[in-house]
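Before any comments, here is the structure.
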There are 2 protein chains.
Amino acid sequence: MGCRESGEDYYKIVNIHIYKNLDELKDLLNKYIYHKDHIIIIVGYMKIIYRGRASSEADYARRLLMIKPDGTLLIHEARGRDPVNWQPPGSICSFGIENQELKLRCQRQQYNEEVIVYFKDLFHIGVAILDVSNFFEVKGVERDIVDQIISTGLPIDRNAKLVGKEISTPHGKIDLVYINNERNIMYIIEVKNEKAGVAAVDQLRRYVEYMKQHSRGRNIIGVLIANGISDEAIKLILTYDFIFLNIRNLRIIKRERKLDTYLKDSSVNSLSS
Amino acid sequence: MGCRESGEDYYKIVNIHIYKNLDELKDLLNKYIYHKDHIIIIVGYMKIIYRGRASSEADYARRLLMIKPDGTLLIHEARGRDPVNWQPPGSICSFGIENQELKLRCQRQQYNEEVIVYFKDLFHIGVAILDVSNFFEVKGVERDIVDQIISTGLPIDRNAKLVGKEISTPHGKIDLVYINNERNIMYIIEVKNEKAGVAAVDQLRRYVEYMKQHSRGRNIIGVLIANGISDEAIKLILTYDFIFLNIRNLRIIKRERKLDTYLKDSSVNSLSS
DNA sequence: CGTGCCAGGTGCCCT
DNA sequence: AGGGCACTTGGCACG
């Protein structure tokens, strides 16, 4: 907790009182926009107008506004994870003055969208220097689950060979395709890191139907691997004679259970959630 | 731009130097958590550990952290619209000390998730009082498009009568259902405010197939109304003999074009995008 | 409260 | 740049 003093290099408070007119302030703020790693933070009493894919107006209220050097605009209120208004990276922001009020306009080429903010009052302006941490590990996402399956093999049929990954079809991309040549079976695998709903089953279904038309004679089995499943989705799984595997069981199996147990489970469409 | 002084009521800078030990600072910050409308803002050099549905570790770097009174946690870096780590509303946050570092733990009951932040250095701490603006108009969303269709009628068949809205099926909810009794036609309408992809067509397809099985004898026609459409989606539309209507044309038609033109378009699966 | 689904989704990766 | 899709999706509305 040592170097508090050096910290001042990384957060500069813009003393609003110093600027006797808005022009100076406006120019200063415009200078900070797009400065490498410089984030402008404004807490104030502001009105917001957004026009684009949708449109909105928000009357004057106390809000927190941030502008990042990549052109991101964020406006937050007292609640909620998402900003009430925003502009994604790549938008072009600039400060101006209108009717003796500080004004911010952020435009986005794509979608022809813009956010305009009018500041009736400013409570705090700061400029922070932030990092972009390159190394940021994430584990447990779908990618990792797919990788795990690839490395450990298809639990329901260890003799099946992986023949494809991210297979493109007109209906979308199939996560994994396995084939057991002896039994003449093709497994179409769809992986969901989240709880599966009806949409996930139907996504699998359209892959299976497509492959049935393009892989003549082969036995096609749809396999949904997900982190739980909804009741309606289970009904569809049974209707289509698909197989559902819970990720939780996948992990347990990998560590403790024997493969024979799996094969038994799979043959009766184990639906343990 | 008058009341700058009063603005100080809405943004309080926590002078880090005053607090001779971390204990005092920790207690102060904990007092501000969940204070009505009080948002804690910390710019500092911090390390983040997240464990939950996924998991991640981010080494020490300069970041901006916010805690909202509803239990929202946001941690931003220099780029991107989304925070690098967060906790949605409803999580429980508290400051502590570990290894002579300030430490923040935010837990979320649901999903058993937690974010832990270690602060090696603090550059700025502020407490802002923000509003929750109740009145926030949004126009142009799908809901409004559906309403517009309901009020102006189905453009491709003005004689069709609306018989259902948000019809639940095992495959999901159908946006709109129209019936023309004279021609014995049922229209299944799916509306997308955005550009339609293959998923949208397949969503419509599963509704149509379901209704074909549950509405014996009737002619079922799938209608996709969207803001543009991708090439692959067009192919599927043609494959399934569906009808695509561009929202843009919907609006134009409503204002300028005559209905006869529509009917002609629809009969040839107008795909103007 | 779970289920389903839209969103100004955003971000990522691939063609 | 466009398309397809996952996401700690978040958020809402409905049964």
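So that the names make sense, note that chain A is the first sequence line, chain B the second, and so on, each numbered from 1.
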For [X], give me all partners under side chain to side chain donor-acceptor pair (under 3.5 Å), at least two apart in sequence or on another chain.
{"X": "A:N227", "answer": "none"}
{"X": "A:R108", "answer": "A:E113"}
{"X": "A:E232", "answer": "A:K235"}
{"X": "A:Q110", "answer": "none"}

Hey, does [X] reach any base, or is it just sugar-phosphate, or nothing, if we go heavy atoms under 4.0 Å?
{"X": "B:Q110", "answer": "nothing"}
{"X": "A:E113", "answer": "base"}
{"X": "A:G52", "answer": "nothing"}

Report task. Please check if the side chain of B:Y187 supplies one atom and the backbone of B:L176 the other of a donor-acceptor pair under 3.5 Å. Result ->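 Not confirmed, B:Y187 side chain does not pair with B:L176 backbone.
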Report summary line: With sugar-phosphate taken as primed atoms, P, OP1 and OP2 and all else as base, the protein-contact string of nucleotides 9-15 of chain C at under 4.0 Å (heavy atoms; B, S, -) is SSS----
Query raised in the report: With sequence neighbours excluded, what pairs up with B:Y45 under the ring pair (Phe, Tyr, Trp, His ring centres under 6.0 Å) test?
Result: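 Only B:Y60 meet the ring pair (Phe, Tyr, Trp, His ring centres under 6.0 Å) criterion with B:Y45.
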Report task. List for me each residue that meets ring pair (Phe, Tyr, Trp, His ring centres under 6.0 Å) alongside A:Y240, sequence neighbours excluded, and say none if there are none. Result ->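 Listed in chain order: A:F242.
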Requested in this report: Would you mind listing every salt bridge (Lys or Arg N to Asp or Glu O under 4.0 Å) that reaches into residues 33-50 of chain B, with sequence neighbours excluded?
Outcome: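 Residue pairs passing salt bridge (Lys or Arg N to Asp or Glu O under 4.0 Å), neighbours aside: none found.
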Requested in this report: Classify the side chain of A:N85 versus the base of C:dG8 as yes if they form a donor-acceptor pair under 3.5 Å and no if they do not.
Outcome: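 Between C:dG8 and A:N85, which were checked side chain against base, a qualifying N/O pair under 3.5 Å is present.
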Report task. With a 4.0 angstrom cut-off to heavy atoms of chain B, pull out the first and last contacting nucleotide of DNA chain D, in 5'-to-3' order. Result ->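 From 5' to 3', the first and last contacting nucleotides are D:dG3 to D:dG11.
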Query raised in the report: C:dT3 C1' sits how many Å from A:I229 CD1, rounded?
Result: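 Rounding to the nearest Å, CD1 of A:I229 and C1' of C:dT3 are 13 Å apart.
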